[in-house]
Amino acid sequence: MGRFNLLDWWRRDSSEVQALRHELTLQSRYDDFFSNEMGYGTSEDKAFADWDYASRPRLSWRKLDTMYRSHGLFKKIIDHPANEATREWIDINDEYGEETLEALEELDIPCLFTKTLRWSRVYRGSAIILDVMDGLEPQYPVNELAIRDVKVRQCLDARYVTPLEYYYFKTPEWYQISTDTTETIHASRLLLFMGEDCRLDNRTDTSGWGESWADIIYQPFRNYSTDHGAG
């Protein structure tokens, strides 16, 4: 037998070969149509859709809780920068420095700062609520000249501390604290950690707070976890 020559076979004139040629021609046209729809080879190529960025909803509180509680790598991403930022405490070099540092230690402020900074990275913001003894109700600004004592009440993340009347380019003056009870507290009675910085218009979607690192790294973190698990 001679060697098979595709061109000789293609030139044959039988009805069977003609039908096959017709089918291949239709398939070629279909490929052209499909490639055009996919934007193949153009800037609209859908094969690169994963590289396009689109708005996605922010993670729910439950999802944030679950990621922070159950994934060791994510917890380290959140905790390590906060731990490093507060590893060495502040130094106050004035005549009241030693007394002030002792007062901060007594209030356990160094540990509270670390914890609250961690929560702000996860939950878009957090706050340390202070009981300032100045003779005024919590909804009024602190009277610095009448302070007799300061105590730390508790630390809360952003889901329990809601800014009231948040507007563009304006720092909220009052916050609503929602725990067992609901009360309004002036911002001067809170130590606020505003989460990851973002545009002011984005803050309207987070009740005046910043962004969570969980939202920022969620997609690449999922990709890493999937590849790591597959490996």
Side-chain angles (χ1 to χ4, degrees), residues 37-90 108-129 152 154-163 166 168-169 171-172 175-179 187 190-231:
E37 288 298 297
M38 290 288 291
Y40 183 73
T42 71
S43 60
E44 302 298 324
D45 193 338
K46 295 181 177 61
F48 296 97
D50 287 344
W51 296 96
D52 292 336
Y53 292 93
S55 178
R56 56 179 303 279
R58 289 175 174 82
L59 301 176
S60 66
W61 296 120
R62 182 178 295 275
K63 185 74 172 179
L64 295 177
D65 278 335
T66 301
M67 290 181 66
Y68 189 51
R69 185 185 70 247
S70 61
H71 203 297
L73 178 59
F74 178 73
K75 184 174 176 61
K76 185 165 291 189
I77 291 172
I78 295 299
D79 289 355
H80 184 69
N83 294 340
E84 284 297 299
T86 55
R87 182 161 53 90
E88 294 186 14
W89 191 232
I90 59 176
D108 201 25
I109 291 295
C111 291
L112 290 174
F113 265 42
T114 304
K115 180 170 71 172
T116 313
L117 182 55
R118 291 173 185 167
W119 286 2
S120 73
R121 289 172 56 81
V122 184
Y123 301 113
R124 307 185 182 103
S126 56
I128 298 176
I129 303 173
V152 173
Q154 61 188 142
C155 301
L156 294 172
D157 60 61
R159 83 188 88 180
Y160 303 111
V161 185
T162 306
Y166 171 74
Y168 289 160
F169 307 107
T171 302
Y175 287 79
Q176 180 173 288
I177 310 301
S178 303
T179 51
L190 302 171
L191 297 178
L192 297 168
F193 296 72
M194 301 306 295
E196 184 64 17
D197 194 23
C198 63
R199 285 173 52 91
L200 294 175
D201 52 347
N202 288 348
R203 293 182 184 272
T204 60
D205 299 325
T206 59
S207 299
W209 296 102
E211 300 287 359
S212 166
W213 272 99
D215 289 317
I216 296 172
I217 68 170
Y218 182 65
Q219 193 57 50
F221 187 74
R222 283 189 63 196
N223 294 340
Y224 168 80
S225 297
T226 300
D227 294 342
H228 186 270

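The shown structure was predicted, so the numbers you read here are calculated from the model rather than taken from an experiment. All heavy atoms count here, side chains included; hydrogens, waters and symmetry mates do not.
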One should read off an interatomic distance between Ile217 CD1 and Ile78 CD1, to the nearest 0.5 angstrom, of 6.0 Å
Sorted by chain and number, sequence neighbours left out, ring pair (Phe, Tyr, Trp, His ring centres under 6.0 Å) with Trp61 holds for none
For Leu64 and Ala214 the tightest heavy-atom approach is CD2-CB, 3.4 Å
Heavy-atom nearest pair, Asp157 first then Trp119, reads N-CE3, 4.1 Å
Here the gap from Thr206 atom OG1 to Glu196 atom CD, rounded to the nearest 0.5 Å, amounts to 12.0 Å
The ring pair (Phe, Tyr, Trp, His ring centres under 6.0 Å) partners of Phe74 (sequence neighbours excluded) come to Phe221
When rounded to the nearest 0.5 Å, the distance separating OG of Ser120 from CZ of Phe113 is 11.0 Å
In this structure, CD1 of Ile177 is separated from OG1 of Thr162 (nearest 0.5 Å) by 8.0 Å
- Step-by-step salt bridge (charged side-chain N to carboxylate O under 4.0 Å, His left out) determination, Asp197 to Arg203: CA-CA 9 Å; Asp197 194 23; Arg203 293 182 184 272; 2.9 Å; yes
Across all chains, not counting sequence neighbours, the side-chain contact (heavy atoms from CB on, under 4.5 Å) partners of Pro110 are Trp89, Glu105
In this structure, OG1 of Thr114 is separated from CD1 of Ile109 (nearest 0.5 Å) by 11.0 Å
Contacts of Glu84 meeting side-chain contact (heavy atoms from CB on, under 4.5 Å) (sequence neighbours excluded), chain-then-number -> His80, Arg87
Hits for ring pair (Phe, Tyr, Trp, His ring centres under 6.0 Å) against Tyr68, two or more places apart or cross-chain, chain-then-number order -> none
(Q) Looking at Leu59, is its backbone amide N or carbonyl O close enough to the side chain of Asp215 to form a donor-acceptor pair, meaning the two atoms are under 3.5 Å apart? (A) yes
Residue pairs passing the salt bridge (Lys or Arg N to Asp or Glu O under 4.0 Å) test with at least one member in residues 62-73, sequence neighbours excluded, are Asp65-Arg159
Could you check if a side-chain atom of Ile129 sits within less than 4.5 angstrom of a side-chain atom of Leu190, using non-hydrogen atoms only?
yes
Looking only at heavy atoms, the pair that brings Trp209 and Pro163 closest together is NE1-CD, 3.6 Å
Rounded to the nearest 0.5 Å, the CG atom of Asp205 sits from the CZ atom of Arg199 at a distance of 11.5 Å
With Glu211 as partner, the option from Arg58, Arg121, Arg124 fulfilling side-chain hydrogen bond (donor to acceptor under 3.5 Å, both in side chains) is Arg58
Practice prompt. Answer whether the closest heavy-atom distance between the side chains of Leu191 and Thr116 falls below 4.5 Å.
Written response: no
